[in-house]
Amino acid sequence: MKRKDESETMKEDESIASICPKTRNNHSANESEISKKIEENMEFGGILGTAFNIVALPALVLFLNLMCNGQSCKFGQFPIFYNGWSYFFDWDAVFIFFSWVSFQAFLALLPVGKIRYGLPLKDGTRLKYRCNGFISLCLSLAAFMCAIHNDLPIDIVYNKLFQIMVTALVFSYLMSLFLYIKALSMPSSKLAPGGNTGYAIYDFFMGHELNPKMGNLDLKFFCEMRPGLIGWVMINLCMVVKSFKDNVGPSPAHLLVTIFQGLYVFDALWFEDAILTTMDITHDGFGFMLCFGDLVWVPFLYTLQGKYLMNYIHDTPLLILIGISIVNCIGYLIFRLSNSQKNQFRQDPKHPSVAHLESIPTAGKKRLLVSGWWGMCRKPNYLGDIIMSICWSLTCGFGSIIPYFYPIYFIILLVHREKRDSMQCQKKYGLSWQKYCEKVKYRIFPYIY
Ligand code: NDP
């Protein structure tokens with residue numbers, strides 16, 4: 001029964017794939033009409049937009065990290081490069097980055113943790129995923145504690161953070177190029193529906209192959225959940241350790257952000273298998289967008305708040321921190337409860353916790369929730385996520401715009417993502433989706449948007 005539902009998703013993917021280059025010969029329509037259709041279906045501003053993103057997004061990460069350092073954290077204020085290239089490149093940084101990724105790959109391959117299956121692929125098969133992310137996080141934390149216990153120089157991670165980031169950036173370019181070239185020899189059944197246009201730059205950005213593997217390691221699943229996400233927690237912790245080593249100690253606001261963000265990553269890895277049904281895994285290929293996003297964007301932008309707090313904020317009033325904590329918990333509850341409600345409903349709509357909820361039928365077997373969290377707005381989970389992101393920035397006060405980059409970008413990302421998902425749901429569910437949208441009017445922010 002479930003397989004039939006999922007095949008509907010595949011049909012939609014196939015309809016996009018049917019206009020893609022590897023299947024062009026089967027169509028009588030002329031070349032320019034096909035190219036026009038492909039271009040109409042392109043996302044992120046098409047070829048020009050993705051070309052721009054390939055250069056602009058890494059530049060943004062570099063600039064924000066250059067502007068926010070131990071000397072100052074003001075928009076437009078850059079450090080003086082007194083030591084030339086070594087400011088960007090360092091062998092220790094290369095060693096730290098590759099050791100970290102190798103360690104995470106080793107943990108990911110350990111034969112522990114539950115096995116889950118992805119949605120059916122075009123050829124009807126389902127990929128097997130070992131979901132041991134939470135165990136990997138715990139083992140990484142245990143390794144971190146051992147390093148502290150043995151007095152290893154953990155603060156080197158903070159001291160060389162910029163060079164580690166440059167290494168990760170160069171690596172993500174090279175890896176995406178390697179993946180694109182590797183995908184050129186793959187049959188069309190293995191390619192991502194959205195990254196198979198025949199336009200090299202666009203496919204390089206979107207990801208040409210859907211599920212590239214290296215031995216037993218599923219590269220997309222691995223990069224989505226491990227080195228960057230766990231790396232985010234580790235960088236935050238290294239900054240806390242650095243504060244102690246500098247004999248200042250972390251401020252309550254710094255500790256709070258470290259805990260909030262740690263909780264967020266704990267949650268993501270505890271519910272790791274939930275990612276198997278997201279568009280990142282089922283629809284998007286593994287190209288520059290995800291590779292750079294996972295390995296550079298997440299660990300080196302999401303840690304800006306910790307970096308700012310560590311260097312500049314030491315005296316946030318306790319009452320303000322309590323207020324922020326309460327709002328953060330509300331955001332987390334909205335995020336977690338809405339995600340769990342939908343997951344439970346998808347797994348077993350007759351389960352007592354969701355059986356009472358109102359839902360509308362679709363042409364297939366799936367139904368759409370129109371009450372509970374999913375009756376409040378179409379993306380209550382995004383709402384909770386956005387509330388948390390704002391709370392993390394509020395701990396930084398209002399001395400600089402840089403710690404606010406995360407919620408600003410995140411709102412843009414989720415508004416855009418909601419539109420992408422809505423378009424896909426429209427294709428999947430047609431009239432039922434329209435009915436759902438009429439019933440649940442607001443997209444993310446009730447009574448606002
Ligand atoms: P969702 O979890 O919202 O999943 C979207 C899918 O849910 C739809 O395609 C549809 O799939 C199903 N759905 C939508 N509406 C309904 C409904 N009313 N009833 C039942 N099913 C419905 O989206 P994401 O995968 O984008 O996000 C997952 C989580 O990850 C979110 O909490 C988000 O905030 C977070 N996130 C975090 C990011 C970060 O960088 N920190 C980045 C992106 C996301 P179907 O019908 O096929 O089941």
Side-chain angles (χ1 to χ4, degrees), residues 2 4-13 119-120 224-225 228-229 232 260-261 263-265 267-269 271-284 289-290 293-294 296-299 301-302 331-347 349 354 357-389 392 406-407 409-430 432-444:
K2 207 165 172 224
K4 199 175 173 198
D5 285 347
E6 285 150 356
S7 70
E8 283 155 18
T9 317
M10 286 167 54
K11 270 185 210 153
E12 173 243 324
D13 285 350
L119 296 184
E224 283 274 285
M225 300 307 284
L229 209 57
W232 174 13
F260 286 162
Q261 298 186 345
L263 172 76
Y264 187 76
V265 175
D267 180 280
L269 292 168
F271 297 99
E272 188 180 27
D273 50 351
I275 199 182
L276 299 180
T277 52
T278 63
M279 65 175 123
D280 300 26
I281 296 290
T282 59
H283 178 267
D284 295 338
M289 176 175 75
L290 290 183
D294 297 338
V296 185
W297 191 268
V298 169
L301 273 189
Y302 292 16
Y332 176 72
L333 285 177
I334 298 175
F335 163 84
R336 174 55 22 234
L337 294 176
S338 57
N339 272 322
S340 295
Q341 190 172 67
K342 176 167 68 70
N343 292 345
Q344 185 61 66
F345 185 74
R346 278 285 171 256
Q347 273 166 26
V354 288
L357 294 172
E358 196 191 330
S359 60
I360 53 172
T362 67
K365 290 270 159 59
K366 281 184 180 175
R367 298 179 70 90
L368 290 166
L369 282 168
V370 287
S371 71
W373 290 108
W374 297 81
M376 184 175 86
C377 60
R378 290 180 222 159
K379 291 285 182 194
N381 48 355
Y382 287 8
L383 175 67
D385 222 338
I386 289 171
I387 293 174
M388 284 190 280
S389 72
W392 302 347
Y406 176 65
Y409 132 80
F410 202 48
I411 291 171
I412 297 170
L413 171 93
L414 292 183
V415 165
H416 178 248
R417 197 174 164 95
E418 185 279 329
K419 289 207 168 115
R420 283 184 82 201
D421 190 50
S422 186
M423 268 166 60
Q424 291 190 24
C425 286
Q426 176 66 51
K427 284 181 193 158
K428 265 189 277 182
Y429 301 124
S432 307
W433 186 252
Q434 280 168 28
K435 269 191 203 156
Y436 171 65
C437 293
E438 274 161 28
K439 240 180 142 97
V440 183
K441 291 218 160 20
Y442 298 102
R443 290 170 184 265
I444 302 178

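Just so it is clear, the values below take in all heavy atoms, side chains as well, and ignore hydrogens, waters and symmetry mates. When a ligand or atom number is given, it counts from 1 through the structure's own listing order.
The residues Glu358 and Arg367 are annotated as not salt-bridged, no charged nitrogen and carboxylate oxygen being separated by less than 4.0 angstrom. Under the 4.0 Å criterion applied to side-chain N and carboxylate O atoms, Asp421 and Arg443 are not assigned as salt-bridge partners.
Any N or O atom pair closer than 3.5 Å counts here, and Tyr409 shares no such pair with ligand 1. Checked by distance only, ligand 1 and Arg346 come closer than 3.5 Å through their nitrogen or oxygen atoms. Between Leu369 and ligand 1, at least one N/O pair is under 3.5 Å apart. Annotation: Arg378 places no N or O atom under 3.5 Å from an N or O atom of ligand 1; distance criterion only. Every N/O-N/O distance between Trp374 and ligand 1 stays at or above 3.5 Å.
Counting heavy atoms under 4.0 Å from ligand 1, residue Asn339 touches it through the side chain alone. The part of Tyr264 lying near ligand 1 is the side chain, judged by heavy-atom distances below 4.0 Å. Contact annotation: for Lys366 versus ligand 1, heavy atoms closer than 4.0 Å belong to the side chain alone.
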Item to check | Audit row: Arg420, Asp284, salt bridge (charged side-chain N to carboxylate O under 4.0 Å, His left out) steps and yes/no | outcome: CA-CA 12 Å; Arg420 283 184 82 201; Asp284 295 338; 2.9 Å; yes
Next on the checklist: Please evaluate residues Tyr409 and Trp297 with respect to the criterion ring-ring contact (aromatic ring centres under 6.0 Å, His included), reporting the C-alpha separation (whole Å), side-chain torsions for both, the decisive distance (0.1 Å), and the verdict.
Outcome noted: CA-CA 11 Å; Tyr409 132 80; Trp297 191 268; 4.9 Å; yes
Checklist entry - Would Gln261 and Trp232 satisfy side chain to side chain donor-acceptor pair (under 3.5 Å), going step by step from the backbone distance to the final call? => result CA-CA 8 Å; Gln261 298 186 345; Trp232 174 13; 2.9 Å; yes
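Compare Gln341, Arg417, Gln424 by their heavy atoms: the one nearest to atom 43 (C) of ligand 1 is in Arg417. Around atom 27 (O) of ligand 1, the closest heavy atom drawn from Tyr429, Trp433, Tyr382 belongs to Tyr382.
Counting atoms of ligand 1 from 1 in the listed order, those under 4.0 Å from a heavy atom of Tyr302 are 40 (O). Each of the atoms 8 (C), 9 (O), 10 (C) of ligand 1 lies under 4.0 Å from some heavy atom of Cys425. When each atom of ligand 1 is checked for a heavy atom of Asp385 under 4.0 Å away, the hits are 33 (C), 34 (O), 35 (C), 36 (N), 37 (C). If you number the atoms of ligand 1 from 1 as listed, the ones under 4.0 Å from a heavy atom of Phe335 come out as 32 (O). Each of the following atoms of ligand 1 lies closer than 4.0 Å to a heavy atom of Asp421: 5 (C), 6 (C), 8 (C), 9 (O). If you number the atoms of ligand 1 from 1 as listed, the ones under 4.0 Å from a heavy atom of Thr278 come out as 25 (O).
By the salt bridge (Lys or Arg N to Asp or Glu O under 4.0 Å) test, Glu272 pairs with Arg226, sequence neighbours left out. In terms of the salt bridge (Lys or Arg N to Asp or Glu O under 4.0 Å) criterion, Lys435 has no residue partners (sequence neighbours excluded).
Using a 4.5 Å cut-off on side-chain heavy atoms (C-beta onward), Ile444 and Ile386 make contact.
Heavy atoms of Lys428 approach ligand 1 to within less than 4.0 angstrom.
Counting only distance, with no hydrogens or angles, the side chain of Trp433 and the backbone of Lys428 share no donor-acceptor pair below 3.5 Å. Distance alone, capped at 3.5 Å, places no donor-acceptor pair between the Ser371 side chain and the Gly375 backbone. A donor-acceptor contact shorter than 3.5 Å is absent between the side chain of Ser340 and the backbone of Leu337.
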